[in-house]
**Q** 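Okay, handing you the structure first.
We use all heavy atoms of the structure for the numbers below, so side chains are in, but hydrogens, waters and symmetry mates are not. None of the values given here were measured: they were computed from a predicted structure. Along the sequence shown, residues are numbered consecutively beginning with 1.
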Amino acid sequence: MTNKELLYVEDALGHEEYFQTKCSEIASQISDSELKATTETMQKQHQKLFSDFINLLN
């Protein structure tokens, strides 16, 4: 993998980590149960994408 490709992967990991954090923060502030569940689902999806990127590197 070239240095440029590694930078792309690093950026993708950073974005997925950021989205996980934001979804988690927002879900903790939402009182509507349906919206909260949707946000928690989004957080789990971003967590899975993060894990998938990590697995590609192994």
**Q** How would you list, by chain and number, every residue that makes a side-chain contact (heavy atoms from CB on, under 4.5 Å) with Glu10, sequence neighbours excluded?
**A**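 Result, side-chain contact (heavy atoms from CB on, under 4.5 Å) vs Glu10: none returned.
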**Q** Are there more than 12 heavy atoms of other residues, nucleotides or ligands under 6.0 Å from atom CG of Asn3?
**A**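 Open: at most 12 neighbouring heavy atoms sit under 6.0 Å from CG of Asn3.
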**Q** Quick one: ring pair (Phe, Tyr, Trp, His ring centres under 6.0 Å) pairs with a partner in residues 11-50, sequence neighbours left out?
**A**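 Residue pairs with at least one partner in residues 11-50: Phe19-His46.
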**Q** Could you give the distance from CD (Gln45) to CD (Gln20), rounded to the nearest 0.5 Å?
**A**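 The distance works out to 11.5 Å.
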**Q** Are Val9 and Ile54 linked, directly or through intermediate hydrophobic residues, by side-chain heavy-atom contacts shorter than 4.5 Å (ILVMFWY only)?
**A**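 Per the 4.5 Å side-chain linkage, Ile54 and Val9 are co-clustered.
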**Q** For Glu25, give me all partners under salt bridge (charged side-chain N to carboxylate O under 4.0 Å, His left out), at least two apart in sequence or on another chain.
**A**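 Here the qualifying residues are Lys22.
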**Q** Do you reckon Met1 sits in the same ILVMFWY cluster as Leu56, going by side-chain contacts under 4.5 Å, direct or chained?
**A**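 Looking at the clustering, Leu56 is in the same group as Met1.
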**Q** To the nearest 0.5 Å, what is the distance between CG (Asp11) and CD (Glu16)?
**A**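 These two atoms lie 11.5 Å from each other.
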**Q** Hey, could you give me the OG/CE distance between Ser24 and Met42, rounded to the nearest 0.5 Å?
**A**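 The distance works out to 12.5 Å.
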**Q** Return the set of residues passing side-chain contact (heavy atoms from CB on, under 4.5 Å) with Tyr8 (not counting sequence neighbours), or none when no residue passes.
**A**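 side-chain contact (heavy atoms from CB on, under 4.5 Å) check on Tyr8 returns Lys4.
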**Q** What is the minimum heavy-atom distance between Cys23 and Gln43, and which atoms define it?
**A**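 What the structure gives for the nearest pair is CB-CB, 3.5 Å.
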**Q** What side-chain hydrogen bond (donor to acceptor under 3.5 Å, both in side chains) pairs are there with at least one residue in residues 30-40, not counting sequence neighbours?
**A**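 Not a single pair qualifies under side-chain hydrogen bond (donor to acceptor under 3.5 Å, both in side chains).
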**Q** Restricting to side-chain contact (heavy atoms from CB on, under 4.5 Å), what partner residues turn up for Gln29, sequence neighbours left out?
**A**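 Expected list: none.
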**Q** Give, for atom CG of Leu57 and atom CG of Leu13, the distance between the pair rounded to the nearest 0.5 Å.
**A**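 If I round to the nearest 0.5 Å, the distance is 6.5 Å.
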